[in-house]
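Since the structure comes first, as structure tokens, the remarks are kept for the end.
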Amino acid sequence: AGQPAPDVADHGDDSAAFRRDLIAGLSGAAKQTKPKYLYDERGAALFEEICELEEYYPTRTEIGLLRAQAADIARSLGRNAMVIEFGSGATVKIRILLDALQEPAAYVPVDISREQLAENSRILAAEYPRLSVVPICADYTRPFPLPGELDGGNRVAFFPGSTIGNLLPDEALDFLQSVRATVGSGGSLLIGVDLRKDPDVLRAAYNDSKGVTAAFNLNLLERANRELDADFDLDAFRHEAVYDHDKGRIEMRLYSLRPQEVRIDGARIPFADGEYILTEVSHKYSVDGFQALAARAGWQAKSCWTDQADYFSLHHLIA
Ligand code: AVI
């Protein structure tokens, strides 16, 4: 029998927003696009493949950390947690958390990838029959309404994967402030943050030898062709991830391999030879640097866990 599939509350984007943002982002002198557009159904599937790659250390390091520190993390988070997960791709991390927590009360996954959200919610609702599963399809970088049934409970935001690194520092500050407003006083945040390390390790993680990250990045152009009647020539662009030491961030770039003009709907976008589109940034923090940023957003650091190599950190912050 099992539970009925949970309804997805929909505050997601439509293709008009993609068209508008893409054309605007490619019309300025420095071409760039919002990283969220990398995650359509195919992009989300490719990202899951990235997480399995030998060179891509963040996922397995964070999972190892969650497993190793599960009891300590559960103690820090407290009983009857209502876990609001910001960007709920794969379910492996939330399972570790739910299994460790003492009588978790609710799970509220929030994600832009509608199909994956619905499917994962259905699976988790069936597996954890005592848990109330309330999925929300939304761009979680903007405020969205929380279901009223979470009022007054032990609200814990969960933001794993170091996705905070994909925001610019100012955006990260805004985001941390808005999460704090969302969980309210008495709430808390468990967040995964990738740490600064040998740039060779970083470059390898974002320029993997199997080319999965390249396919993930180029999928943005394929998506524009699929959804927007654009005519990107996939052979005329190449992926490269570059580490900017001063900014402490990886930049995901798509380089034009020749001078060309691309049509997106009615718009015509010129590219010079070697010009690139910045499709995503991935900031790396120090533990102190991240805690200082969180403090500026009003959070108080309660606990921090890192792996032995100091590749990755998990922070529990109090609103
Ligand atoms: C989702 N996010 C944390 C990934 C990262 O590492 O910045 C996205 C990614 N892009 C390329 N590889 C992984």
Side-chain angles (χ1 to χ4, degrees), residues 32-63 65-66 85-94 109-113 116-117 120 139-141 158-169 171-172 175-176 179 190-223 237-244 247-255 276-285 290 307 311-315:
Q32 52 190 302
T33 56
K34 296 186 185 176
K36 67 178 176 182
Y37 292 122
L38 293 166
Y39 299 87
D40 64 343
E41 197 173 355
R42 169 143 174 81
L46 283 166
F47 177 63
E48 287 203 19
E49 256 186 72
I50 289 176
C51 293
E52 306 282 318
L53 292 170
E54 185 59 35
E55 297 103 322
Y56 192 73
Y57 62 85
T59 310
R60 65 168 178 278
T61 309
E62 186 179 41
I63 290 171
L65 196 51
L66 275 169
E85 185 174 13
F86 289 71
S88 57
T91 56
V92 50
K93 295 171 197 171
I94 190 63
V110 185
D111 204 283
I112 197 78
S113 295
Q116 196 187 31
L117 177 69
N120 288 344
D139 169 5
Y140 57 76
T141 60
F158 182 40
F159 195 42
S162 199
T163 307
I164 187 88
N166 299 130
L167 302 177
L168 298 170
E171 293 171 340
F175 173 74
L176 288 168
V179 175
L190 179 67
I191 183 168
V193 181
D194 198 12
L195 297 175
R196 295 198 178 185
K197 59 184 63 64
D198 181 349
D200 285 341
V201 174
L202 293 170
R203 280 189 286 265
Y206 293 84
N207 294 290
D208 67 274
S209 51
K210 286 189 182 157
V212 182
T213 311
F216 169 72
N217 203 4
L218 286 160
N219 175 57
L220 178 81
L221 309 184
E222 288 180 73
R223 177 179 182 184
F237 288 88
R238 126 187 121 74
H239 157 82
E240 188 177 344
V242 173
Y243 184 63
D244 182 323
K247 293 186 173 135
R249 70 185 199 189
I250 283 284
E251 295 192 358
M252 294 268 288
R253 300 179 179 179
L254 289 170
Y255 283 89
Y276 67 84
I277 310 171
L278 177 61
T279 56
E280 186 179 54
V281 292
S282 189
H283 290 85
K284 311 302 168 189
Y285 288 93
F290 178 72
D307 61 301
Y311 269 21
F312 203 91
S313 59
L314 274 168
H315 300 253

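We count ligands from 1, going down the list as the structure has it; atoms in each ligand are counted the same way.
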Worksheet item: Hey, does the side chain of Arg223 reach the backbone of Tyr37 with a donor-acceptor pair shorter than 3.5 angstrom?
Response: yes
Response to the item:
For Gly161, the atoms of ligand 1 under 4.0 Å from one of its heavy atoms are 3 (C)
Item to complete: Within a distance under 4.0 Å of any heavy atom of Phe216, pick out the atoms of ligand 1 and give their elements.
Response: 10 (N)
Worksheet item: Looking at atom 7 (O) of ligand 1, what's its closest protein heavy atom, distance included?
Response: Ser282 OG, 2.6 Å
Worksheet entry | Worked check of side-chain hydrogen bond (donor to acceptor under 3.5 Å, both in side chains) between Tyr57 and Asp194 | CA-CA 10 Å; Tyr57 62 85; Asp194 198 12; 2.6 Å; yes
Response to the item:
In short, Tyr311 meets Lys197 closest at the heavy-atom pair O-NZ, 3.0 Å
Worksheet item: Is ligand 1 less than 4.0 angstrom away from at least one heavy atom of Tyr39?
Response: yes
Fill in: Nearest-contact summary for atom 10 (N) of ligand 1 - protein heavy atom, Å
Glu280 OE1, 2.6 Å
Practice prompt. Please confirm whether the backbone N or O of Gly43 pairs with a side-chain atom of Asp40, one donor and one acceptor, at under 3.5 Å?
Written response: yes
Discussion item. Strictly distance-based, threshold 3.5 Å: is any side-chain N or O of Ser282 a donor or acceptor partner for the main-chain N or O of Gly165?
Written reply: no
Worksheet entry | atom 4 (C) of ligand 1: nearest protein contact (heavy atom, Å) | Tyr56 OH, 3.4 Å
Worksheet, complete the sentence: Counting heavy atoms under 4.0 Å, the part of Asn166 that contacts ligand 1 is side chain
Worksheet item: Is a donor on one side and an acceptor on the other found under 3.5 Å between the side chain of Asn217 and the backbone of Arg253?
Response: yes
Discussion item. I'd like to know if the side chain of Glu85 and the backbone of Phe158 have a donor-acceptor N/O pair within less than 3.5 Å.
Written reply: no
Worksheet item: Which of the atoms of ligand 1 are close to Phe47, meaning less than 4.0 Å from one of its heavy atoms?
Response: 1 (C), 4 (C), 8 (C), 9 (C), 13 (C)
Worksheet, complete the sentence: ligand 1 to Thr163, heavy atom cutoff 4.0 Å, flagged ligand atoms 1 (C), 3 (C)
Worksheet item: Of all the heavy atoms in Gly165, does at least one lie under 4.0 Å from an atom in ligand 1?
Response: no
Discussion item. Looking at Asp208 and Glu55, would you say the former's side chain and the latter's main chain have a donor-acceptor pair under 3.5 Å?
Written reply: no
Worksheet item: With a 4.0 Å cut-off on heavy atoms, does Ser162 reach ligand 1?
Response: yes
Practice prompt. Find all atoms of ligand 1 within a distance of less than 4.0 Å from any non-hydrogen atom belonging to Met252, and give their numbers and elements.
Written response: 11 (C)
